[in-house]
Amino acid sequence: MSSIFLSRRNTLLGVGGLLLSGCDKITNNPILMHGIEQAEGLTRVAQRTLISRTALAKEFDRADISPVFKANGTTMPEDNAYQDHVAAGFANWRLRIDGLVRQPLDISLAQLRALPARTQITRHDCVEGWSAIGQWSGPQLGPLINRAGLLQGARYAVFHCADNLDGEASKGGEQSAGQYYESIDLVDVFHPQTILAHTLNGAQLSVAHGAPVRLRVERQLGYKQAKYIMRIELVQSFANLGSGKGGYWPDRGYEWFAGI
Ligand SMILES: Nc1nc2c(c(=O)[nH]1)N[C@H]1C(S)=C(S)[C@@H](COP(=O)(O)O)O[C@H]1N2
Ligand SMILES: [Mo]
């Protein structure tokens with residue numbers, strides 16, 4: 001594995017290392033909280049919101065796992081480059097992490113699989129009115145972003161996906177380019193349950209569920225759980241992406257922060 005995963009570098013507001021060393025809650029970290037307050041100019045009410053934002057989503061037992069986890073939205077991206085990756089078993093796929101980072105990264109699936117993984121059994125809630133409980137495994141996003149090192153001004157992680165929904169009316173129409181994308185803020189980037197899942201219910205993630213990796217951001221609704229992630233871009237604002245609302249469905253009128 002490349003040495004970028006072995007070097008320890010404090011990045012986020014100078015205390016990224018505290019997050020890496022097992023500090024489960026951002027709010028337990030006075031230095032980081034102070035930094036966030038200063039950066040965001042938070043009021044007391046907003047601080048309370050932040051504390052609730054860092055709470056954990058409910059986790060379930062193995063017995064609760066749904067016998068069938070429905071696949072929804074894109075289940076097979078049509079993109080040629082993606083199809084080539086499927087044919088090659090994702091051997092040539094690289095996750096790119098770039099934008100407002102000190103050190104852009106290109107990470108292979110083998111490298112991602114070799115990282116310490118978090119396993120969590122959670123309930124996925126789709127706005128269309130169905131839910132499913134599944135066991136997800138993959139590396140936490142926060143430590144990976146710390147490896148890349150946030151630069152001043154970075155506020156959101158944008159997930160660029162392989163699938164293009166082509167403005168189909170049944171998929172919300174043409175309010176923005178059809179490429180699926182989503183974004184989360186740094187509170188969710190460093191939330192302990194935010195992982196890049198490569199495994200569902202103990203098996204390698206299938207194409208229908210977003211192979212090779214998909215986001216799990218467990219305090220939010222189904223459409224935030226970006227599948228087919230090709231690139232994670234750190235940005236200051238998402239004004240210049242899509243029609244400026246921070247995601248494919250947010251561009252079509254859905255909430256950007258889809259809290260549950
Ligand atoms: N790239 C991409 N990610 C996506 C979608 C999609 O169409 N494309 N659909 C979203 C929606 S609406 C839901 S409910 C979940 C479905 O995930 P699943 O197929 O694993 O059930 O993925 C989300 N992430
Ligand atoms: Mo959904």
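Numbering of ligands and ligand atoms starts at 1, following listing order.
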- Message: Going by side chain to side chain contact (heavy atoms under 4.5 Å, CB included), L141 matches just one of I195, I232, N146. Which one?
- Response: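 It is I232; the other options fail the test.
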
What does the N/O contact table under 3.5 Å look like for ligand 1?
unit_1	atom_1	unit_2	atom_2	d
ligand 1	1 (N)	D163	OD1	2.8
ligand 1	1 (N)	D163	OD2	3.3
ligand 1	1 (N)	K227	O	3.1
ligand 1	3 (N)	K227	N	3.0
ligand 1	7 (O)	T74	N	2.9
ligand 1	8 (N)	D163	OD2	2.7
ligand 1	17 (O)	R214	NH2	3.0
ligand 1	19 (O)	N72	N	2.8
ligand 1	19 (O)	N72	O	3.4
ligand 1	19 (O)	K227	NZ	2.6
ligand 1	20 (O)	H209	ND1	2.7
ligand 1	20 (O)	R214	NH1	2.9
ligand 1	21 (O)	K70	O	2.6
ligand 1	22 (O)	R214	NH2	3.4
ligand 1	24 (N)	Q225	O	3.0

- Under the side chain to side chain contact (heavy atoms under 4.5 Å, CB included) test, residues paired with R94 that sit two or more places apart: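 R94 satisfies side chain to side chain contact (heavy atoms under 4.5 Å, CB included) with D106, S108 only.
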
- Message: I'd like to check the side chain to side chain contact (heavy atoms under 4.5 Å, CB included) partners of A239; sequence neighbours left out, ordered by chain and number.
- Response: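 S237.
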
- Query: For R53, what residues pass the side-chain hydrogen bond (donor to acceptor under 3.5 Å, both in side chains) criterion, not counting sequence neighbours?
  - Reply: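 With sequence neighbours excluded, R53 shows a side-chain hydrogen bond (donor to acceptor under 3.5 Å, both in side chains) to D185, D188, given in chain and number order.
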
- How close do E218 and I260 get, heavy atom to heavy atom, and via which atoms?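 Reported closest heavy-atom pair: O-CD1, 4.0 Å.
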
- Message: Taking E59 first and then R118, would you say they form a salt bridge - that is, a charged N and a carboxylate O separated by under 4.0 Å?
- Response: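 Counted as a salt bridge, because a side-chain N and a carboxylate O are separated by less than 4.0 Å.
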
